[in-house]
Asker: 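Have a look at this one.
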There are 2 protein chains.
Amino acid sequence: MITIKDMADMLGTSTTTVSNVIHGKTSEVSQKTVERVEKLLEEYDYVPNNSARTLTQNCSKIIGVALKSRKEQYDNILADPFFSELIGAIEAEIRSRGYYMMIYTSNDLTELIRNILTWNVDGLLLLGILHDDFVRIKSRYKKPVVLIDSYAPRDIMNYVNVGLEDERGAFEMTSYLLEKGHRRIAFLADNMEGVDYTRYVGHQKAMAKYGLKADEKDLLIIRSGMMERESSLEELYYLSRNYTAFMCCSDYHAVVLMSYFSDRGVRIPEDLSFTGFDDVLLARIVRPALTTVRQNITQKGCLAVDTLLKMIQEEDQPKWDVKLPVEIVVRDSVKTISSYGSHEHIEMKTE
Amino acid sequence: MITIKDMADMLGTSTTTVSNVIHGKTSEVSQKTVERVEKLLEEYDYVPNNSARTLTQNCSKIIGVALKSRKEQYDNILADPFFSELIGAIEAEIRSRGYYMMIYTSNDLTELIRNILTWNVDGLLLLGILHDDFVRIKSRYKKPVVLIDSYAPRDIMNYVNVGLEDERGAFEMTSYLLEKGHRRIAFLADNMEGVDYTRYVGHQKAMAKYGLKADEKDLLIIRSGMMERESSLEELYYLSRNYTAFMCCSDYHAVVLMSYFSDRGVRIPEDLSFTGFDDVLLARIVRPALTTVRQNITQKGCLAVDTLLKMIQEEDQPKWDVKLPVEIVVRDSVKTISSYGSHEHIEMKTE
DNA sequence: TTGTAGGCGTTATCAA
DNA sequence: TTGATAACGCCTACAA
């Protein structure tokens, strides 16, 4: 690894001159010197030491990306295609903009904060973080932060969020199910805060539009590890008798349940309809293909990075809250129920 | 951000003393001073500046992780569940060992090398890299490197590789298909080098064992973007008439094709059998569930990180080549063919 | 047009 | 037991 000083010595010039050439401050250097320096630069393929640069400039060119899973615990959050697609998009965008990405999937907030500070990251992208955590981070970290899919009380703290029309997405999906004649709809969520809560609100509103009330007992919370535990799946299977449709807050859940249920003899969508959220690769591949709420994951990742870089470069004040559009994608996992009153599904199960 | 110097000033002591306390070199410091320093450390929640540390120690605690996709180009390599699961496992292991991960998915090798050098990463994890690229990296980067799933000529260069029993996996899968009565088997690969080539060798050997020869025309190479292009899928669909089984080098390909084919009226496995490789989540979720060659992706990631850290810490010389075991997982995507001669599938299609 | 010198935060050597 | 001091590689204000 050749350094600026090495080259300066070789050329019999000062480090300043070499540094100036490197940074294109060529107006202050004679043409001849420029050429000599550039020749060396090429010859030795000079690469700057970023630690040294960071130290003097107090800017690291690192973007920190922190994920907390929607579930309480995840053994491997990247196994969820929503997150892996999003991270993939973010990484590509960060790189193409000349920055570096450092990623943390830990749920340990203290460790996360230490990482951010120790590397002096220039900006932070926070996925699925809750309000309290955000406040704690903000109290220690003063550089730009962009949230993705966060719902914090706006009045308490200024923040920039790249989100989704979660409420509208759920509203339209539930409306669609209701149009198709479904009345006994289970709503599956990971928790009752942030994204999932907002989607539930949309669900409730659609129900209300039809003069129905979303009952709390129809709200099924998928706790950590449930999707991997046979007993939990079994329980959901028994509960499924009460419904004609499962409306899920993520494609992943929908698809896992569809598999399990169909192995148990449930015909989809004849016996039970399914809808998802996100329109992940999985949703397109599975059969019956999943009717779901599409979001453009790549766009979301790129927009978040773009917004963060704008803040870092102080180009302009970004919008504090963006809600990316959603779109219902009708595929084959929802049945049309002709007569509203008959709970065909239930009768079949309780034969 | 409080610095060591700040604290030294506040205490009226030298930076050396503070630094010593931080590093637990407490034998050289009086008990009283230790306590005073530790109090400040807590109070201001001191976090070291890693750029400064890297500069003096010439070790960054960063592990670089570079992926080149098995395909020529990928818009988002993390959309492939094999890679996202692997990266997830690697990230968790690196973090739990007190290191930091920097990831690059670029296919631009020059840029990759610059990144490695500019951050002075302590070690490098290379996924799916080919021999020439490895040589180029080695010529510039002198610290430890661990390869994952690489096949380089051993005689040319020393290297450490964490790999898989690729040949045996393919051998056993083909043997299984042969046992089940299949004779007209298409072999689907991304390319004919490294992993896929080795699997093809296994396939050939199994065929040979049955006195059959793997014909070149039965080797279907999935070029970049083919899985997303309707016309390519259509072409594969037409080709499928010639076979009773598709043996795929990745679950991802198998599953995408199964979807497409079944939409075109192909019954799986009645008309066409499928096998995959990797045993990714997808393989378990899809119906019919995919018969595949399982590898333990998490174990692979952890072992690679562990090996690399051993090399960095010079604990001992790791084995230069590890081949993790594989296991055939029989599920529902392969049909048993009773009479070998009858090409039921073909006759149905050409009715 | 070029060079000098100080500083970024940390660590390590060596002297007190 | 503690403290100067130099060094890591780079940048920049200022001087020549």
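Below, chains carry the letters A, B, ... as their sequence lines are ordered, and counting in each starts from 1.
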Asker: Between D306(A) and K310(A), is there a side-chain N and carboxylate O pair less than 4.0 Å apart?
Answerer: yes
Asker: Report the distance from atom CD of Q31(A) to atom C1' of dT1(C), rounded to the nearest whole Å.
Answerer: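 Taking atom C1' of dT1(C) as the reference, CD of Q31(A) is at 13 Å.
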Asker: Under 4.0 Å, counting only non-hydrogen atoms across every strand here, what does T13(B) touch: a base, just sugar-phosphate, or nothing?
Answerer: sugar-phosphate
Asker: Specify the separation, in whole Å, of atom NZ of K61(A) and atom P of dC10(D).
Answerer: 16 Å
Asker: If a pair means Watson-Crick or G-U wobble with both distances below 3.5 Å, what does DNA chain C look like in dot-bracket form, with | marking bases paired to a different strand?
Answerer: ||||||||||||||||
Asker: Please state how far atom CG in N120(B) lies from atom C1' in dC10(D), giving the value in whole angstrom units.
Answerer: 14 Å
Asker: Does the structure place the NZ or CZ of K61(B) under 6.0 Å from the centre of the six-membered ring of Y100(B), at an angle of no more than 45° from the ring's axis?
Answerer: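 No - K61(B) does not lie over the ring of Y100(B) by the 6.0 Å and 45° rule.
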Asker: Under 3.5 Å, side chain of D122(A) to main-chain N/O of S60(A), donor-acceptor pair present?
Answerer: yes
Asker: Under the salt bridge (Lys or Arg N to Asp or Glu O under 4.0 Å) test, which residues partner E85(B), sequence neighbours left out?
Answerer: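 None.
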Asker: For D321(A), check salt bridge (Lys or Arg N to Asp or Glu O under 4.0 Å) against everything at least two apart and list the hits.
Answerer: K323(A)
Asker: Rounded to the nearest Å, what distance is computed from the CD atom of residue Q57(A) to the P atom of nucleotide dG9(D)?
Answerer: 17 Å
Asker: Given atom CE of M7(A) and atom C1' of dC11(D), what is their separation to the nearest angstrom?
Answerer: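 After rounding, the reported distance stands at 16 Å.
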Asker: Out of N49(A), N58(A), T54(A), N120(A), which one pairs with S51(B) under the side chain to side chain contact (heavy atoms under 4.5 Å, CB included) rule?
Answerer: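 Answer after filtering N49(A), N58(A), T54(A), N120(A): T54(A).
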Asker: Could you walk me through whether T3(B) and D6(B) satisfy the side chain to side chain donor-acceptor pair (under 3.5 Å) test, starting with their C-alpha distance in whole Å, then the side-chain angles of each, then the deciding distance to 0.1 Å, before giving a yes or no?
Answerer: CA-CA 5 Å; T3(B) 70; D6(B) 292 338; 3.2 Å; yes
Asker: Sort me out a list of protein N/O and nucleotides 13-16 of chain C N/O pairs below 3.5 Å, or just none if empty.
Answerer:
none

Asker: Enumerate the residue pairs fulfilling side chain to side chain donor-acceptor pair (under 3.5 Å) with a member in residues 30-39 of chain B, sequence neighbours excluded, ordered by first and then second residue.
Answerer: S30(B)-T33(B), Q31(B)-E35(B)
Asker: Restricting both atoms to N or O, compile the protein contacts to nucleotides 6-10 of chain C shorter than 3.5 Å, with distance only.
Answerer:
| unit_1 | atom_1 | unit_2 | atom_2 | d |
| --- | --- | --- | --- | --- |
| dG9(C) | N2 | A52(B) | O | 3.4 |
| dT10(C) | OP1 | Y46(B) | OH | 2.4 |
| dT10(C) | OP1 | N49(B) | N | 3.2 |
| dT10(C) | OP2 | I4(B) | N | 2.7 |

Asker: How long is the span from the CZ atom in F134(A) to the CG atom in N161(A), to the nearest 0.5 Å?
Answerer: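 Rounded to the nearest 0.5 Å, the CZ-CG separation comes out at 9.0 Å.
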Asker: Backbone N or O of S139(A) within a donor-acceptor pair of the K142(A) side chain at under 3.5 Å?
Answerer: yes
Asker: Take the protein atom CG of N20(B) and the nucleotide atom C1' of dG3(D), then report the distance between them rounded to whole Å.
Answerer: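 These atoms are roughly 11 Å apart.
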Asker: Check the phosphate of dT1(D) against K25(B), side-chain N and O only, distance under 4.0 Å to OP1 or OP2. Yes or no?
Answerer: no
Asker: Test salt bridge (charged side-chain N to carboxylate O under 4.0 Å, His left out) on K5(B) and D9(B) and set out the steps.
Answerer: CA-CA 6 Å; K5(B) 188 165 182 309; D9(B) 288 348; 3.5 Å; yes
